[in-house]
Amino acid sequence: MRHDTEKVKKLENGSNMANAQSRPISRTFLRNDFLLTLRLALPLIFAEVGWMSMGVVDTIMVGRLPNSAVAIGATGLGQSLYHVVAIFGGGLLLGMDTFVAQAFGREDLNDARNTLLNGLLLAFLLTPVLMLAVSVWPALMQRFGISAELVGPMRPFLSALNWGTLPLLAYFALRRYLQGVNVAVPIMFALVSANLVNAVGDWALIYGHLGFRAMGIVGSGWSTCFARIYMVLALATTLVWVESKRARPLPAQARHWAKTVRLDAGRIWALLKLGAPAAGQILFEIGAFSAATALCARLGPVPLSGHEIALNCAAFTFMVPYGISSAAAVRVGQQLGMRDPEGARRAGWSAIMLGTGFMTCAGLVFVSVPKVIARAFSPDPAVLHAGATLLLVAAAFQLFDGLQVVTTGALRGAGDTKTPMLANFVAYWLIGLPAGYFLCFRVGLGALGVWIGLCAGLMIIGSALLVVWRGKTLSADPAQLGRPAMVECGPE
């Protein structure tokens, strides 16, 4: 790892850094940054695609049950509601990106380890609170007016998912540490192989194979839970292996951990201060799509199924820039840890270009073959038509979706988690969702109206965050690019 850090330093810290504030980004430097960003981002992209694939496979598997629309609708609603809570909890750990990456950039591995230990403790403390919050969703959905036809099968499915909360949060903490110290390939392996665990589990538990009884959509929930247990075990094994490769032998390394790493209430509080706005941003974003799901659920099983098909596809493509976003947070943070704001600037822009380039291509695919994509989820003509129509709207916001998520990662690496939170709140909850509700129920556009509102919100967020990032990097001033966060995450 030290060798990688020195290589980055040699590559990006030239003798002309004194004039960095007035120098434009050269093609040579940008090309090098593309390569550095891709090297870290590619495994994380595969990991994010692997994460999303589990939900897509679950939807496809339950879509072959006798009542396809109800099965897809109940499973999709349960997944959306669960992710609002669980991913919010994971968002509280996103401050680890900044702390670990900046500590690794200044070669303070003990401080990075201290963040890991306290991040894991935070995950354990959050688990019972989040599980309690998930357990109240079915009753709230009944009060909201969702039909018993959907809430009934969703309830046991959600209960099964809920038991995977602790391994999911522990996985988030381990992942943030490993990617922050440039260990990304094992993360990819854990997610991709977890898809095999989930797919076999779906086949066995949903339909009753390998000696198990057929459990329907509840079997999908248990399969996902077991896959998450597998993921955290895979990353824990990776952590032990990585630390055993450090300079000291393993027993001495364990003693060194015990001496230098400690439970630290101050570090936990600092993680929460940085992670809370990031979690708020995720809550506003996922909450907006979950609210859209609930609005579509009021229209009946067929519109809800079409919504779930389009949402799964949009979320699937979103995983690529989301992986690039994680790489952007790490690389921007590492460059600031090296006291190289110009390098942080280039790292952010290279990631933004990669993310928006991919999402432009994804939008073109959605426009070209919407019915072919929708047919993979359900043979029902009504469901197919609903899904294909909404995929056209999803195509319109792909570029802006990629722009906002990668820029959010770059800002997080610089220690700014508040701006994306505010942008998501205003664009989704004050503009996008009210407009979607009006178009859906007042104008009579149904699910299409909801998606037009979401599209408008994403366009506003992507444009606003790009303006903020450009303002922060215009002069490559360390004070603008996150110097306060860099100082805070140093040793006490």
In chain order, what residues pass the ring pair (Phe, Tyr, Trp, His ring centres under 6.0 Å) check against Y171, with sequence neighbours excluded? none
Partners of F438 by ring pair (Phe, Tyr, Trp, His ring centres under 6.0 Å), sequence neighbours excluded? none
Inter- and intrachain pairs under side-chain hydrogen bond (donor to acceptor under 3.5 Å, both in side chains), touching [range], at least two apart:
| range | value |
| --- | --- |
| residues 419-432 | D416-T419 |
| residues 277-289 | Q281-E285, E285-Q404 |
| residues 453-468 | none |

Considering only residues two or more places apart or on different chains, which pairs with a residue in [range] satisfy ring-ring contact (aromatic ring centres under 6.0 Å, His included)?
| range | result |
| --- | --- |
| residues 290-316 | H307-W451 |
| residues 59-85 | none |
| residues 360-391 | none |

Taking salt bridge (Lys or Arg N to Asp or Glu O under 4.0 Å) as the definition, give me every residue that meets it alongside R228, ordered by chain and number, with sequence neighbours left out. none
What pairs meet the salt bridge (charged side-chain N to carboxylate O under 4.0 Å, His left out) rule with one or both residues in residues 160-187, with sequence neighbours excluded? E48-R175, D97-R176
Sequence neighbours excluded, every pair satisfying salt bridge (charged side-chain N to carboxylate O under 4.0 Å, His left out) that has a member inside residues 438-459: none
Tell me which donor-acceptor pairs under 3.5 Å the side chains of residues 199-217 have, and how far apart each pair is, sequence neighbours excluded?
from: W203; atom 1: NE1; to: H209; atom 2: NE2; distance (Å): 3.4
from: Y207; atom 1: OH; to: M61; atom 2: O; distance (Å): 2.2

